[in-house]
Amino acid sequence: MEVNNSIPNNWNTWKRDKQVILRYYGWWQFIELLFYAGNFLFYPTSVFTGSVDTDVKSTCKEKYNFQFRKDRTYTLIYSNISHKHTSLISETADGAVVWKIPTEHFEPITRAKVIQLLEEFFGTKYQLEKDVGIFLCRVKTAAARLQKAGHKVDDLYIGSQMIRYIPQEFQSTVKQIYR
């Protein structure tokens, strides 16, 4: 990861960039720990309300490694996104949430997108020299993408698409299904 040491005029941008660098190397957790410990000394009633999960039976090292991987994911996304779009993801530091924000922002679900997914679903055909299982998986994946876009696909259409382009060697099985 390249480190940009020039300080821009905008303090908030510079602060966010430095925080991302600290997250990348795993040092931000240490700063948060110092911050919470300092608040605990001055305000004893604020006892780590959201930072300690007592239900999960993990060691401190496992929690640290998990948080380090989350921070690393966030920093990789942040450092590879255009600088003018970093304000979209600056409100959160969770890698999974950060990944969803640009996809929702730049790939909105419109009628044109649903029609494209429908064409992809009904255009899925069996390819010669490929396994039948791969074909069936491609049909299920196309149906799942349609359902994720908000268009419900009935099981009848999924089964019909699977049967429609199945190879000749399975036609006797198809006839038995029809009966």
Are the side chain of E62 and the backbone N or O of T59 linked by a donor-acceptor pair below 3.5 Å?
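Yes: the side chain of E62 pairs with the backbone of T59.
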What's the shortest heavy-atom distance between A142 and E120, and which atoms?
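Closest approach of A142 to E120, heavy atoms only: CB-OE2, 4.4 Å.
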Indicate the atoms forming the closest heavy-atom contact of V153 with F121, along with that distance.
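Smallest heavy-atom distance, with atoms named: CG1-CZ, 4.1 Å.
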So, do [X] and [Y] sit near enough that their side-chain heavy atoms are less than 4.5 Å apart?
X: Y24; Y: L76; result: yes
X: Q19; Y: L22; result: no
X: T75; Y: Y25; result: no

Following the transitive rule for hydrophobic clusters with a side-chain heavy-atom cut-off under 4.5 Å over Ile, Leu, Val, Met, Phe, Trp and Tyr, establish whether [X] and [Y] coincide in one cluster.
X: Y78; Y: F68; result: no
X: L118; Y: V139; result: yes
X: I21; Y: W27; result: yes

Check the pair R23 / V20 against side chain to side chain contact (heavy atoms under 4.5 Å, CB included), numbers first and verdict last.
CA-CA 5 Å; R23 282 186 187 278; V20 168; 5.6 Å; no
[X] [atom1] to [Y] [atom2] distance, which is reported to the nearest 0.5 Å:
X: T73; Y: R69; atom1: OG1; atom2: CZ; answer: 8.5 Å
X: R72; Y: I77; atom1: CZ; atom2: CD1; answer: 13.0 Å
X: Q147; Y: L117; atom1: CD; atom2: CG; answer: 11.5 Å
X: Y64; Y: D71; atom1: OH; atom2: CG; answer: 9.0 Å
X: H151; Y: I115; atom1: NE2; atom2: CD1; answer: 10.0 Å
X: L136; Y: I163; atom1: CG; atom2: CD1; answer: 10.0 Å

Is it the case that the side chains of Q161 and R164 hold a donor-acceptor pair, with the cut-off being a distance below 3.5 Å and no angle test?
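Yes, a side-chain donor-acceptor pair sits under 3.5 Å.
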Heavy-atom count around [X] [atom1] within 6.0 Å, excluding the residue itself: above 12?
X: D155; atom1: CG; result: no
X: Y126; atom1: OH; result: yes
X: F122; atom1: CZ; result: yes
X: R16; atom1: CZ; result: yes

